[in-house]
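Below, each value reflects all heavy atoms present in this structure, side chains not excepted, and no hydrogens, waters or symmetry copies.
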Amino acid sequence: LNLFECAFVALTLPRYRLAFILRTALFCLLPAIVSLSKLVYSCLWEFYSIAAFLVGAIVTFAWVGRTIFADMSGGSEPFRTFPKSVYSMFVAGVSEDFVGIFLRSYTDHRWMGILWLLFMAIVHVLLLSLVLDTLVAAYMVFSEQHAEEVAMRKVKGMLKSFRVLSMASPREADDDVSIVEEDFLAFVHELTASPRIRPMTDKEASFFFQAVDADGSGSIDSEEFCGICRVLQYRFFATRHLSILADWCPKLWESPGFQRFRAFVEGEDGEIDEEEEALEEGKAEEEIEPRKPPGLDRLMNYVLLLNLSLVVLETSYDLDHIPEPTIFDWLELIFSFIYLGEVVAKLMVVSFGEYWSYSSNIFDFVSTWLLLGTSLLESFLPNELDTYANMLRLLRLCRVVKQLKKMQSVQFMVRTITKLLMTAQEMVTMLGVVVFFFATLSVQSLGGELYADNPKLQETEYLEQHMEVLNANDFCMAFGVWVVFLLQEYQPAFPDAVSQVSGNSYVWLIFPTFYVIGVSIVFELVKAFTIEVFITLFKERNAEHHRRKKKDAFERCLENFRISLRSQGQVLHIRELGDTPHAEEMREAFEKLKKQAGGKTGSLARLGSMLALADSHSNHHAGGKHGGHNDGGHHSAHGGHNDGGHHSAHGHEGGHESGHKPAHGHEGGHESRQKAAHGHDHA
């Protein structure tokens with residue numbers, strides 16, 4: 001189609017091109033747009049109901065206004081015709097320009113203020129707020145169902161992989177399902193060959209297997225297998241905890257004075273142990289006495305406050321163009337060496353790898369050397385680095401702000417913002433596609449029309465507000481127009497200017513159309529997404545304070561790994577990989593399937609029952625939201641994997657048949673592990 005359109009343009013040279021439609025269609029094939037299309041479809045039905053009330057209210061008040069001003073002169077300009085009256089009421093209802101529309105009529109007829117107050121209360125306050133409320137409610141329902149569906153699908157994939165692997169492992173009974181360490185190591189070796197899974201050595205895999213094997217039987221069940229699978233969604237690394245001084249100067253390291261220095265820099269180890277023991281005993285986090293910050297951190301907080309006072313004084317001198325006293329330069333140099341002493345003190349206690357594993361320490365290290373270098377250069381070159389010194393002085397303010405991260409409210413907001421930035425890619429992609437379509441459409445329709453010397457734009461609000469830089473003469477300028485529309489929700493100066501300069505009397509309608517599609521639906525969904533993320537994290541924070549710690553297989557695995565590394569003088573660091581926010585939903589999905597299957601997962605019959613229940617949940621969600629598509633379509637979309645779970649769930653013919661050979665000689669075991677790894681990767 002694109003080649004055909006190019007040939008058509010070369011032969012006929014039309015004013016308008018259709019390539020932007022084809023490019024937008026290609027953007028709509030992005031996975032983010034395809035997945036969000038279900039969300040938009042589910043929210044549209046809720047949006048239509050409130051939109052009908054909104055349109056009805058605007059049309060009703062437009063008819064009332066047209067009827068009242070049919071035989072009146074003062075203030076009747078916005079209501080000369082019924083279409084103009086509808087547009088005037090639309091602008092007054094959805095934008096901040098209602099004062100300009102109602103002011104003349106209210107000035108000439110004060111009693112009209114009652115009508116306009118009623119209109120603003122119904123449309124501008126009530127119905128527009130209900131649009132956002134409706135989309136937030138619809139989005140939260142969809143998000144909850146989607147999270148449950150994703151968690152159930154992941155658990156289902158793990159259980160299928162476990163069933164295939166258990167058939168390749170030796171079993172004491174035909175109905176017993178478990179995985180021995182040898183087959184698990186072969187499975188991990190096959191699975192980590194995928195570029196989507198982080199590499200894992202046999203030593204690491206063996207350790208995780210032993211850590212999650214709580215009873216020490218040499219085999220793991222389905223619950224323990226799911227715990228290890230959750231570990232694979234994280235990237236973890238270990239760093240040496242103690243500084244090299246522990247090896248180079250053991251006498252100094254063990255001396256009483258240096259022990260007190262270590263406690264001053266790092267805090268008491270006993271406080272950490274007491275906190276972990278309290279969590280292991282099942283105490284809620286709110287019942288545990290918070291750990292006191294190390295003495296060095298408390299001292300640096302006072303130093304930062306003094307440094308902040310110095311920065312404020314220096315800034316006041318600079319703004320008033322008053323020469324700074326010489327002592328200010330010496331104080332800056334002293335503070336720089338104090339910050340350097342903080343870095344050196346920490347590196348004397350912990351290793352550089354442990355120090356560098358925290359982003360806050362990286363910031364301290366870089367800013368310390370920058371500030372110290374700036375202070376030294378400023379002493380030797382006082383007139384050459386004044387501008388850069390003032391800019392780098394802001395790093396001291398950043399260090400002060402960084403200390404706020406220790407406050408729980410600040411930690412919560414940082415976590416919320418980070419979560420939004422990490423998970424808002426799909427929403428931002430959809431919003432970008434909508435803006436791209438309207439930007440290219442406006443370039444085709446309005447290119448070369450909006451410029452300052454156009455006589456048709458004289459005495460328009462567009463020129464009076466000096467908005468000529470916002471035009472549609474190229475894509476970048478048009479992109480700015482629609483960004484302004486998103487943030488202002490509706491700017492009537494643009495459609496008014498377009499109606500004056502365009503030869504097509506209907507081109508200005510692209511602006512109300514963008515308001516409906518881009519602002520009222522897509523942009524409001526972005527707001528609903530931010531609200532849903534905030535509410536979810538807020539609930540999780542409150543739940544963490546009141547929830548008693550009950551460790552599952554995943555947490556036991558990480559805890560045993562952490563304890564083992566600590567005994568070797570190392571510290572475990574964990575980073576999330578991929579889509580890990582559904583951990584709690586996965587746990588709930590597994591417990592739900594386990595409870596419905598009878599409470600135990602140690603037999604092939606119960607495993608088949610759990611898979612059958614997972615299939616029923618998948619079909620329920622698919623049928624309820626997508627017109628009854630069965631789960632088999634999902635598997636065919638991932639390469640046509642054969643399920644085989646129905647045999648195990650309804651008589652176990654396939655399960656026993658495929659299980660006998662591997663149980664008595666491991667024939668086909670490698671093929672089973674490949675199948676399990678391939679299926680788990682897709683899951």
Legend entry - For E96, all residues meeting salt bridge (Lys or Arg N to Asp or Glu O under 4.0 Å), sequence neighbours excluded: none
Legend entry - For A497 against L457, the heavy-atom pair lying closest together: CB-CD2, 3.7 Å
Inset, instruction - For atom CZ of F53, decide whether the heavy atoms of other residues, nucleotides or ligands shown that lie under 6.0 angstrom number more than 12. - result: no
Inset, instruction - Return the orientation label for the W116 and F119 ring planes: parallel under 30°, perpendicular over 60°, tilted otherwise. - result: perpendicular
Legend entry - Shortest non-hydrogen separation from C28 to V34 and the atoms involved: O-CG2, 3.7 Å
Inset, instruction - Measure the shortest side-chain to side-chain distance between F529 and L420 over non-hydrogen atoms and say whether it is less than 4.5 angstrom. - result: yes
Legend entry - Q145 versus E148, side-chain donor and acceptor atoms under 3.5 Å: no
Legend entry - Close side-chain approach of S442 and V481, heavy atoms under 4.5 Å: no
Inset, instruction - Evaluate the side-chain proximity of V64 to I68: yes if any heavy-atom separation is below 4.5 Å, no if none is. - result: yes
Legend entry - Stepwise side-chain contact (heavy atoms from CB on, under 4.5 Å) check, M120 with F102: CA-CA 11 Å; M120 296 302 296; F102 295 150; 4.0 Å; yes
Legend entry - Set of side-chain contact (heavy atoms from CB on, under 4.5 Å) partners for Y317, sequence neighbours left out: I322, E324, P325, F328
Inset, instruction - Verify whether the ring centers belonging to F90 and Y490 lie closer than 6.0 Å. - result: yes
Inset, instruction - Using a cut-off of 6.0 Å, state whether more than 12 heavy atoms not belonging to Q458 lie near its atom CD. - result: yes
Inset, instruction - State whether the number of non-hydrogen atoms from other residues, nucleotides or ligands found under 6.0 Å of L26 atom CG is greater than 12. - result: yes
Inset, instruction - Would you check if M427 and L39 make a side-chain contact, meaning some heavy-atom pair closer than 4.5 Å? - result: yes
Legend entry - No-hydrogen, no-angle side-chain donor-acceptor test under 3.5 Å, T536 and E532: yes
Inset, instruction - Assess whether atom CZ of F47 is packed by more than 12 heavy atoms of other residues, nucleotides or ligands within 6.0 Å. - result: yes
Legend entry - side-chain contact (heavy atoms from CB on, under 4.5 Å) between Q444 and F20, worked out: CA-CA 9 Å; Q444 293 289 323; F20 72 96; 4.0 Å; yes
Inset, instruction - Please examine the side chains of D496 and T460, heavy atoms only from C-beta on, and report whether any two atoms are closer than 4.5 Å. - result: no
Inset, instruction - Evaluate the criterion side-chain contact (heavy atoms from CB on, under 4.5 Å) for residue pair F494 and M467; output intermediate values, then yes/no. - result: CA-CA 9 Å; F494 291 112; M467 302 174 67; 3.4 Å; yes
Legend entry - Side chain to side chain, Y358 and I362, heavy atoms closer than 4.5 Å: no
Using atom types as modelled, flag every donor-acceptor pair under 3.5 Å from a side chain in residues 508-516 to any protein atom, sequence neighbours excluded.
unit_1: W508; atom_1: NE1; unit_2: S505; atom_2: O; d: 3.0
unit_1: T513; atom_1: OG1; unit_2: L509; atom_2: O; d: 2.8

Inset, instruction - Apply side-chain contact (heavy atoms from CB on, under 4.5 Å) to the pair S95 and E489, showing each step before the final yes or no. - result: CA-CA 7 Å; S95 71; E489 294 190 349; over 6 Å; no
Inset, instruction - Sort out for me which residue in V501, V498, N471 forms a side chain to side chain contact (heavy atoms under 4.5 Å, CB included) with Y462. - result: N471
Inset, instruction - Check whether any side-chain heavy atom of I122 sits under 4.5 Å from a side-chain heavy atom of F61, and report yes or no. - result: yes
Legend entry - Close side-chain approach of T440 and I21, heavy atoms under 4.5 Å: no
Inset, instruction - Provide the closest heavy-atom pair for A92 versus I101 in the form atom of the first, atom of the second, distance. - result: N-CD1, 3.8 Å
Legend entry - Salt-bridge criterion met for K456 and E449 (N-O under 4.0 Å): no
Legend entry - Residue pair F485, F438: steps toward the ring pair (Phe, Tyr, Trp, His ring centres under 6.0 Å) verdict: CA-CA 11 Å; F485 244 73; F438 280 92; 9.7 Å; no
Legend entry - Residue pair G93 / L128: nearest heavy atoms and the distance that separates them: O-CD1, 3.0 Å
Inset, instruction - Give the minimum heavy-atom separation between P495 and Y87, together with the two atoms involved. - result: CG-OH, 3.2 Å
Legend entry - Nearest heavy-atom neighbours spanning A478 and A439: CB-O, 3.7 Å
